[in-house]
Amino acid sequence: MPEAPPLAAIGFGGSVPCGRPGRRARRAGKGPGGKVRRPLVRERIAGSGGGAIGGRNGELSREDYGRFVQHFRQASPYIIGHHGSTFVVVIPGEVVEESELLERLLEDLALLHALGVRLVVVVGTQCLTDKTLRARGLPPRYANGLRITDAEALQAAVEAAGRTRAKVEGYLSKTASVPMMRRHTKGDGEVHPPGLRVVGGNYVTAKRLGIVDGVDFEFTGEVRSVLCSDIKQQLDSRNIVLLTSIGYSPSGQVLNCNVYDVGLHSAVGLDADKICCVHLGDIDKLNLRPWVPLSDAYEFIDGKPEAAGEGSGGLQGVSRSNGRCQRINAYLEKPVNPELPRSVLACILACHEGVNRSHLVDAKVDGGLLLELYTRDGLGTMISTDFYQGIRQARAGDLPLIHELLRPLQAAGVILQRSFEQLAAEASSFRVFEQEGRILACACASDLGFSSDGVQVVELGAFCVHPANRSQGLGDSLLDYIEQEIRDTKRRRLVLLTTRTADWFVQRGFLWVGPAHASDLLPVKRRCMVAPSRNSQLYVKDILPISPSEAPAGKRVGF
């Protein structure tokens, strides 16, 4: 996953050689009919390669120490990367009612908090509210996927929210065992390990949804805003913020809102780094790829990507000048595709409104949230803005811009001089990152033919990112895109000749093999062109093939 440097970490499956496509990459091309079974974590761990980590009662056996250390090291980039980030985690009512699943999930959330993640947890009460109503002889009523909340249903929803809140708070108040704390903490006095601090309140403001298509939703609420400044103060104090589906109007009326809408507005209002929606498999029918670019995700809404994109004026034609909440609610009120699970819709809208990444994770998978967030390949589905948007093959009109972009590096001797005529001759081998008519990055991937060991070789050169954009990940996106294109062919070796920029590429899987002029890994014709006096060093990255069913370049992520 792109959140961390590619350290070949996949977690619970052994290391992956540099350049091997990960699970997101391997499954990214699956469409209808291509559903892949998602095994339980216990099955994955207990498969071939050494058995489960942990012995009787979950104790770690000495034979598993090495694997534990390996997995812990592989997770370290994500531990560092997620520290201080704000995550909104939405737990729907059907998961809350599964006590075993809920406890495992809350245990994982407690671990996330301990690792420095700022957590807002939104819990639903739909199942418990329905159960309460049926116990009183009252049938639950719905329209357009939303509850019709009359006075009795509101009372049941308020009761369910209180019981759910107490249930979650109670579990998060559990502390580590005293013997463990005595072993690993200082002091000889009485040990009382602190529980987590969970806070909540009237953070969700709402208004009545009203009458929609002739249906009076009574006390069903539409989220107006979330008091994000107050929530941020609690997060700054290392508290977990717990929200339910209950909102409050300015007049003091208690309203019953949709849990995903509360999570969506919270993530957008807080400028959260992620929104994570757990589920019980209701989205499996969509056969989602492990990574879905936002442009593709729009198609799930109404089959017309442009209908929700920037170019059409925003969601459902709502002007981009309007506030975020107004734009979101304008779409939520009358979704074009009412069959789309609300969790998926929330993830798409969150990314559309600026949340970096959205994740859908099956709650039935033990540790699924941790695997999704702390391994390279993840375990669920990630929806995000397009990493490769703006990357394309260079055109003749780009050549002056490419020439100007490369000029400072050529003057400094970092890359070889290329005349305008040489650029024109190599134009088809260049890939550029364009934004608003400007070329912000470029790279040349030249086919060198076969080396003496029979491998077809591609040389990466003229790799450059504009200085003002070097902290935005453009270089990673461009390199990844080029690797994906190479994987779509039978070319299997990517080489780089450099004297000054090796470190950046080594961090991305390139291996040093010695001076370029003396290496048999280069085709003879190219090797003869290398001046020994320049002492260029050769770095190599093997490119493994992919399945013919995989998505095209730019639609896969996980390398």
Side-chain angles (χ1 to χ4, degrees), residues 87-114 117-136 138 140 147 149 152-177 192-204 206 221 226 231 234-235 238-248 254-263 266 275-282 342-343 346 361-370:
F87 294 175
V88 175
V89 181
V90 182
I91 308 175
E94 56 266 28
V95 175
V96 173
E97 285 301 283
E98 297 285 343
S99 296
E100 182 179 353
L101 297 183
L102 178 64
E103 289 191 4
R104 292 199 311 228
L105 180 59
L106 293 176
E107 185 174 352
D108 292 344
L109 291 178
L111 178 55
L112 286 178
H113 178 266
V117 175
R118 296 152 58 92
L119 284 175
V120 176
V121 182
V122 187
V123 290
T125 61
Q126 178 179 339
C127 292
L128 184 55
T129 301
D130 286 350
K131 185 185 297 185
T132 302
L133 285 172
R134 292 191 181 100
R136 297 171 182 174
L138 302 170
R147 183 188 299 280
T149 311
E152 291 80 6
L154 178 62
Q155 180 62 34
V158 170
E159 293 177 11
R163 291 168 60 185
T164 299
R165 178 181 176 83
K167 185 177 183 179
V168 172
E169 288 179 343
Y171 188 85
L172 291 177
S173 297
K174 292 175 61 176
T175 62
S177 68
H192 294 286
L196 303 180
R197 290 178 295 179
V198 183
V199 299
N202 56 339
Y203 294 128
V204 179
V226 178
I231 291 177
Q234 297 295 345
L235 296 177
R238 294 288 295 138
N239 297 328
I240 295 177
V241 175
L242 179 62
L243 304 178
T244 68
S245 56
I246 299 299
Y248 305 89
V254 179
L255 298 172
N256 179 44
C257 303
N258 181 275
V259 66
Y260 292 110
D261 296 355
V262 174
S266 300
I275 178 173
C276 304
C277 296
V278 298
H279 61 87
L280 288 181
D282 58 304
R342 202 80 170 190
S343 57
V361 180
D362 193 336
K364 298 190 301 295
V365 178
D366 188 9
L369 188 61
L370 298 179

Are Ser245 and Asn258 close enough, and set up right, to give a side-chain contact (heavy atoms from CB on, under 4.5 Å), and what steps lead you there?
CA-CA 6 Å; Ser245 56; Asn258 181 275; over 6 Å; no
For Val117, which residues count as a side-chain contact (heavy atoms from CB on, under 4.5 Å) partner, sequence neighbours excluded?
His82, Phe87, Leu112, Leu119, Tyr374
Non-neighbouring partners of Gln126 that pass side-chain contact (heavy atoms from CB on, under 4.5 Å), sequence neighbours left out:
Asp130, Tyr142, Arg147
Could you pull out all residues at least two apart from [X] that satisfy side chain to side chain donor-acceptor pair (under 3.5 Å)?
| X | result |
| --- | --- |
| Asp261 | Arg342 |
| Gln234 | Asn239 |
| Asp108 | none |
| Glu107 | none |

Out of curiosity, [X] [atom1] to [Y] [atom2], how far, rounded to the nearest 0.5 Å?
| X | Y | atom1 | atom2 | value |
| --- | --- | --- | --- | --- |
| Glu97 | Thr164 | CD | OG1 | 6.5 Å |
| Glu159 | Thr132 | CD | OG1 | 6.5 Å |
| Thr125 | Ile91 | OG1 | CD1 | 13.0 Å |

pair Val361-His279: side-chain heavy atoms closer than 4.5 Å:
no
Assess the residue pair Leu280 and Leu101 against the criterion (side-chain contact (heavy atoms from CB on, under 4.5 Å)); give the C-alpha distance rounded to whole Å, side-chain angles, the decisive distance to 0.1 Å, and a yes or no.
CA-CA 10 Å; Leu280 288 181; Leu101 297 183; 3.6 Å; yes
